[in-house]
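All of these numbers come straight from a predicted model, not from anything done at the bench.
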Amino acid sequence: MSDKEIIEAARDFADKIMTSDTYREYLYQREKVKKQPELYEKVNEFRQRNFDLQNDTDCEDMLDRMEAFEREYEKFREDPLVDDFLRAELAFCRMMQEVYVLLADEIDFEV
């Protein structure tokens with residue numbers, strides 16, 4: 001198989017992902033949240049803070065910081081629009097993670 005054919009197969013695969021129920025639900029929920037710009041801004045702030053916290057290498061008080069973060073955003077997460085969006089996003093991320101793991105497992109590539 002040529003490189004060009006592999007790239008074309010990857011495009012076809014990307015099209016399949018974009019027509020999946022999981023991705024379409026993510027887009028639908030994202031658009032619902034985007035209709036409320038202030039809420040969307042808060043969602044993005046939550047997502048950024050969550051990402052930063054999870055990627056912080058200083059693990060000394062990580063559990064305490066995670067608990068404080070969860071308490072701070074507890075009421076925010078109770079909003080059905082927020083919860084539905086974050087659940088849809090998580091489902092899509094998990095699907096993509098499975099794809100990445102599968103590819104990594106199937107391809108014999110030593111670093």
Side-chain angles (χ1 to χ4, degrees):
M1 182 176 267
S2 71
D3 290 354
K4 185 177 179 180
E5 290 170 315
I6 291 171
I7 298 300
E8 187 59 35
R11 281 193 181 96
D12 290 344
F13 183 56
D15 287 341
K16 288 183 187 331
I17 289 171
M18 291 185 297
T19 60
S20 71
D21 292 341
T22 302
Y23 183 69
R24 289 192 336 233
E25 178 67 13
Y26 162 72
L27 291 178
Y28 173 72
Q29 295 299 335
R30 185 182 70 184
E31 289 309 308
K32 283 174 51 177
V33 172
K34 278 184 156 185
K35 289 179 181 177
Q36 296 184 34
E38 283 184 25
L39 182 63
Y40 186 60
E41 186 177 320
K42 288 179 185 177
V43 165
N44 284 329
E45 176 187 305
F46 168 84
R47 292 161 72 211
Q48 183 63 54
R49 289 194 55 207
N50 188 35
F51 177 83
D52 292 344
L53 188 59
Q54 290 182 17
N55 289 291
D56 190 351
T57 56
D58 180 19
C59 295
E60 188 174 314
D61 60 346
M62 181 60 77
L63 184 58
D64 292 337
R65 290 171 42 210
M66 287 295 290
E67 287 175 355
F69 177 76
E70 288 175 12
R71 279 191 308 274
E72 180 183 349
Y73 282 97
E74 185 175 10
K75 290 283 185 207
F76 176 70
R77 296 277 324 256
E78 290 176 2
D79 182 324
L81 276 175
V82 172
D83 188 57
D84 290 348
F85 169 72
L86 293 175
R87 285 180 189 277
E89 181 182 57
L90 180 60
F92 177 64
C93 288
R94 284 185 175 156
M95 181 186 76
M96 293 304 298
Q97 187 175 37
E98 287 182 45
V99 168
Y100 298 143
V101 167
L102 175 73
L103 286 173
D105 287 348
E106 293 295 321
I107 298 172
D108 181 19
F109 180 71
E110 293 182 17
V111 180

About how many Å separate [atom2] of [Y] and [atom1] of [X], when rounded to the nearest 0.5 Å?
| X | Y | atom1 | atom2 | answer |
| --- | --- | --- | --- | --- |
| Asp79 | Gln36 | CG | CD | 7.0 Å |
| Met18 | Tyr26 | CE | OH | 13.5 Å |
| Met95 | Tyr23 | CE | OH | 9.5 Å |
| Met62 | Asp56 | CE | CG | 5.0 Å |
| Phe76 | Asp83 | CZ | CG | 10.5 Å |
| Ile107 | Leu102 | CD1 | CG | 9.0 Å |

Is there a side-chain contact between [X] and [Y] (heavy atoms, below 4.5 Å)?
| X | Y | result |
| --- | --- | --- |
| Phe85 | Lys32 | no |
| Gln48 | Asn44 | no |
| Tyr73 | Asn50 | no |
| Arg94 | Thr22 | no |
| Asp64 | Glu67 | yes |
| Leu86 | Gln29 | no |

Query raised in the report: Which heavy atom of Thr19 sits nearest a heavy atom of Arg24, and at what distance?
Result: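 What the structure gives for the nearest pair is O-NH1, 2.9 Å.
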Requested in this report: Specify the closest pair of heavy atoms between Leu81 and Val33, including all atoms of both residues, with the distance to one decimal.
Outcome: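 Looking at all heavy atoms of both residues, the shortest contact is O-CG2, 3.6 Å.
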Do [X] and [Y] belong to the same hydrophobic cluster, where Ile, Leu, Val, Met, Phe, Trp and Tyr are linked whenever their side-chain heavy atoms lie under 4.5 Å apart, directly or via other members?
| X | Y | result |
| --- | --- | --- |
| Ile7 | Phe13 | no |
| Leu103 | Phe92 | yes |
| Leu90 | Tyr28 | no |
| Leu63 | Leu53 | no |

[atom1] of [X]: more than 12 outside heavy atoms within 6.0 angstrom?
| X | atom1 | result |
| --- | --- | --- |
| Glu38 | CD | no |
| Asp105 | CG | yes |
| Glu31 | CD | yes |

Report task. Show your reasoning for whether side-chain contact (heavy atoms from CB on, under 4.5 Å) applies to Gln54 and Phe69. Result -> CA-CA 11 Å; Gln54 290 182 17; Phe69 177 76; over 6 Å; no
Query raised in the report: Looking at Glu72, Glu78, Glu70, which one forms a side-chain contact (heavy atoms from CB on, under 4.5 Å) with Glu74?
Result: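 Exactly one candidate clears the test, Glu78.
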